[in-house]
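Small disclaimer: the values here were computed from a predicted structure and weren't measured. Every chain is numbered from 1 and lettered A, B, ... according to where its sequence line falls, protein lines coming before strand lines.
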2 protein chains.
Amino acid sequence: MRLSAKGEYGVRAMISLTLEESGGPVPLRNIAEKEGISEQFLEQIFLELRRAELIKSVRGPRGGYLLARNSAEISIGEIVEALEGPIAPVDCLAQEGSGRNRCEHVRKCLSIDVWIKLRDAVKGLLDGISLADLCFGEKAEKTTAMV
Amino acid sequence: MRLSAKGEYGVRAMISLTLEESGGPVPLRNIAEKEGISEQFLEQIFLELRRAELIKSVRGPRGGYLLARNSAEISIGEIVEALEGPIAPVDCLAQEGSGRNRCEHVRKCLSIDVWIKLRDAVKGLLDGISLADLCFGEKAEKTTAMV
DNA sequence: GATTAACCCTACTAATTCAGTAGACTATAT
DNA sequence: ATATAGTCTACTGAATTAGTAGGGTTAATC
Ligand code: FES
Ligand code: FES
């Protein structure tokens, strides 16, 4: 149940970008340095984020990256899914349309219920938190409690 | 954010065991066959589950495995943690006591907040579902809703 | 119009983790 | 005694991950 480095770096980098982009495009180098991430590795990450249309790029000198939308409109869930594929604790749930469901072969699978709940909880939580929430304080600060 | 085969098989096998153990110890071979899991691989899994004191073993002929506690007292969270280590989306959160916190090195890390929430949500959900819930129907069937 | 700062993109590689096997040992019911 | 079933460690092959290398393209500026 661990995120890969790509997902972790991606979220960190997007936060960094959120904090700096107000002054125009931010070069990847800046972010890589601030976050202590290899420039070339981060480049790959940003390539995927751009293809997922979460960021825009500007080429040439004084170029760099910008958020594709307002930071309040970009959720952590989107970032994670762009970099790690669909949020799903087991394969059966990942390719939802495709009918590739091991659960059916083996016997009526009782564990699928818990994985569905888990997926919905994780997705719900991550989709409900935006970059703005993390960077500029949350609407409701009190969501952590009660565990 | 995917479970490993160990975790997935472990949960499936524990469910299988719950359903069969009423008639005395269940040999590993039975479960492996029913679930379509390699016997030797499942053996390793059960070794870890026994060490985590989630199951008991009986050796010799007519031996096998039994739940160490009542099925209502064993949560899915315990099974997953026994097999996959602490539930934590990022390393920083895994070794909580040990002070090995990358977050501090780099800069005040804003993403840690979301990972803490995520961990608490996942842990809360998985710790709140028991084998009995999955096998014999849940107390409150309506827990899925609202996402 | 040359230079240079930036992004674009694919392919490769080293390291690690994962999934599964092998095989030798121990306990116990019959 | 023998067969059945768990115990345990070490090994291996495959897959994934993390990171590198290096050759593009675009556009601002001098
Ligand atoms: S085999 Fe897919 S979750 Fe049961
Ligand atoms: S570096 Fe650990 S979550 Fe920020």
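- Applying the 3.5 Å distance criterion, the base of C:dT28 shares no donor-acceptor pair with the side chain of B:Arg59.
- Of the residues near DNA chain D, B:Arg29 and A:Glu39, the one whose nearest nucleotide (by heavy atom distance) lies more toward the 5' end is B:Arg29.
- Atom NZ in B:Lys56 sits about 18 Å away from atom C1' in D:dT7, given to the nearest Å.
- In this structure, of C:dA6, D:dC8, C:dA19, it is C:dA6 that holds the atom nearest to the side chain of A:Pro27.
- Computed from coordinates, the A:Leu66 CG to C:dA6 P distance equals 14 Å when rounded to whole Å.
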Legend entry - Working for salt bridge (charged side-chain N to carboxylate O under 4.0 Å, His left out), residues B:Lys6 and B:Glu48: CA-CA 10 Å; B:Lys6 233 160 76 171; B:Glu48 294 185 55; 2.9 Å; yes

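- Minimum atom distance to the side chain of B:Phe41 is reached by C:dG20, of the listed C:dG20, D:dT7, C:dC8.
- Atoms CD1 and CG, on B:Ile76 and B:Leu131 in that order, are 4.5 Å from each other to the nearest 0.5 Å.
- The distance between atom CE of B:Met1 and atom C1' of D:dT16, rounded to the nearest whole Å, is 17 Å.
- Applying the 4.0 Å criterion to OP1 and OP2 of C:dT21, one finds that B:Ser38 has a side-chain N or O inside that range.
- Comparing atom distances between the B:Tyr65 side chain and each of D:dT7, C:dC7, C:dC9 picks out D:dT7 as nearest.
- Distance, A:Arg2 CZ to D:dT17 C1': 15 Å, rounded to whole Å.
- Within the nucleic acid shown, B:Arg50 comes within 4.0 Å of sugar-phosphate atoms alone, with no base atom in reach, counting heavy atoms only.
- If you measure from atom CG of A:Leu83 to atom P of D:dT16, you get 18 Å, rounded to the nearest angstrom.
- Under 4.0 angstrom from either OP1 or OP2 of D:dA18 there lies no side-chain N or O belonging to A:Tyr9.
- At the phosphate of D:dC8, OP1 or OP2 sits under 4.0 Å from a side-chain N or O atom of B:Arg51.
- Heavy atoms of other residues, nucleotides or ligands lying less than 6.0 angstrom from CD of A:Glu53 number 12 at most.
- Of the N and O atoms on the side chains of B:Ser130 and B:Glu73, not one donor lies less than 3.5 Å from an acceptor on the other residue.
- The distance from atom CD of A:Gln40 to atom P of C:dC12 is 16 Å, rounded to the nearest whole Å.
- For the atom pair SG of A:Cys135 and CG of A:Leu17, the computed distance is 9.5 Å after rounding to the nearest 0.5 Å.
- Comparing atom distances between the B:Pro61 side chain and each of D:dT7, D:dA3, C:dT21 picks out D:dA3 as nearest.
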Inset, instruction - Check step by step if salt bridge (charged side-chain N to carboxylate O under 4.0 Å, His left out) holds for B:Glu81 and B:Lys123. - result: CA-CA 9 Å; B:Glu81 290 209 310; B:Lys123 228 173 128 29; 3.5 Å; yes

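- Taking only distance into account, the side chain of B:Gln44 never meets the base of D:dC8 through a donor-acceptor pair shorter than 3.5 Å.
- In the set D:dC8, C:dA19, D:dT29, the nucleotide with an atom closest to the side chain of A:Arg62 is D:dT29.
- Under 4.0 angstrom from either OP1 or OP2 of C:dA6 there lies no side-chain N or O belonging to A:Ser57.
- Residue A:Ile37 contributes atom CD1, which lies 12 Å from atom P of D:dT20 at whole-angstrom precision.
- Distance, A:Glu8 CD to D:dG19 C1': 15 Å, rounded to whole Å.
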